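Structure first, then comments.
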Amino acid sequence: MTSTRRPAATVLSWLYALLLATPLYYLAVSALKTNIEIFTRPFALPAHWLWRNFATAWRTADLGGALLNSVLISAVAILLTLALALPAAYALARQDNRLSRAITGAFSAGFLIPPFAALIPTVILAIKLDLFYTREFQMLFLPASALPLSVLLLTQFMRTVPPALVESAALDGAGHWRLLTSVFIPIAMPGLVSVTILQLLTFWNEYLFSLTITGTAPGVRTVQVALPTLISDSTNFGVLTAGTVLTLLPVYITYALASRRMQEALTAGAVKG
């Protein structure tokens with residue numbers, strides 16, 4: 001039975017990998033083609049490799065500045081998210097009473113609010129704080145929107161910490177800060193990496209609030225706002241695709257570097273269960 005399942009599993013795995021690789025391949029080869037080639041020979045290799053498409057996209061959309069803005073906003077937002085979510089998750093993981101369950105329910109209720117419903121109140125808040133059309137407000141808003149998922153995920157990972165280990169550390173004189181940094185965070189590290197990657201993808205791809213609150217000025221806009229500037233009545237789809245590839249590279253490289261940790265995060269729950 002096992003021997004017959006393994007070839008089938010291998011075939012399905014390769015088919016799944018091919019399914020994932022096909023759009024990436026199409027994206028990569030389209031970035032090096034003309035419009036005519038993209039529509040007439042979509043999956044063929046380029047007849048002439050137009051590497052200048054990348055330079056054109058970089059220059060036309062000012063992707064250098066937009067990438068720096070996205071990196072800065074995403075990095076600060078992730079740090080703020082973890083700085084707020086880790087202590088909250090630690091407190092909720094250590095307690096099991098009505099108050100902690102009520103707070104957990106409040107975080108869960110955050111999933112019930114659709115993003116567009118918060119758009120107008122968020123714009124009003126940005127104007128009142130005199131932070132409209134600034135990167136600083138985006139850095140503050142993104143962690144607030146990410147806290148429900150981050151806190152709930154980290155709480156579940158921190159609840160896997162053995163009580164005996166916590167008691168032993170407490171007997172050695174460890175306070176809450178040392179328990180968090182020396183016991184809970186190391187054990188919940190797969191969850192920490194998982195939350196970081198998930199929020200990085202969310203922050204990097206955020207468009208609605210970036211467009212509305214941060215704005216389209218070249219000095220503050222993110223890559224997701226800068227990329228549509230390559231679209232016009234006579235769009236060069238090779239250049240547009242090249243710009244898309246450039247905006248995907250940072251998160252793809254980050255994910256590739258952290259893929260091992262991500263796999264540990266996805267399997268940790270099953271192993272511990």
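Keep in mind that this is a model prediction, so the values were computed, not measured. Because only heavy atoms are used, hydrogens play no part in the values below, and waters and symmetry mates are left out as well, while side chains stay in.
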Linked, directly or transitively: [X] and [Y] (ILVMFWY side chains, under 4.5 Å):
{"X": "L86", "Y": "L152", "result": "yes"}
{"X": "L63", "Y": "Y252", "result": "no"}
{"X": "L92", "Y": "L99", "result": "yes"}
{"X": "L68", "Y": "I253", "result": "no"}
{"X": "L125", "Y": "L131", "result": "yes"}

Can you name the nearest heavy-atom pair linking [X] to [Y], along with the distance?
{"X": "W204", "Y": "L67", "answer": "CZ2-CD2, 3.7 Å"}
{"X": "V183", "Y": "A169", "answer": "CG2-CB, 4.0 Å"}
{"X": "A44", "Y": "Y25", "answer": "C-OH, 4.1 Å"}
{"X": "R221", "Y": "A226", "answer": "NE-CB, 3.6 Å"}

Between [X] and [Y]: side-chain donor-acceptor atoms closer than 3.5 Å:
{"X": "Q224", "Y": "T247", "result": "no"}
{"X": "R135", "Y": "N69", "result": "yes"}
{"X": "T56", "Y": "N53", "result": "no"}

Checking the side chain of E37 only, and the main-chain atoms of T40 only, is there a donor and an acceptor separated by less than 3.5 Å? no

Please confirm whether the backbone N or O of L147 pairs with a side-chain atom of S150, one donor and one acceptor, at under 3.5 Å? no

Which residues, ordered by chain and number, are linked to L211 in its hydrophobic cluster, where ILVMFWY side chains connect at heavy-atom gaps below 4.5 Å, directly or through other members? Y207, V225

Should D96 and R101 count as an ion pair when the cut-off is N to O under 4.0 Å? yes

Indicate, with yes or no, if the rings of F137 and F132 have centres closer together than 6.0 Å. no

Option from I187, L153, L180 for which side chain to side chain contact (heavy atoms under 4.5 Å, CB included) with M158 holds: L180

Within a strict 4.5 Å, meaning less than it, do heavy atoms of the F184 and F157 side chains meet? no

Rounded distance (nearest 0.5 Å) linking atom CD of E136 with atom CD1 of I73: 8.5 Å

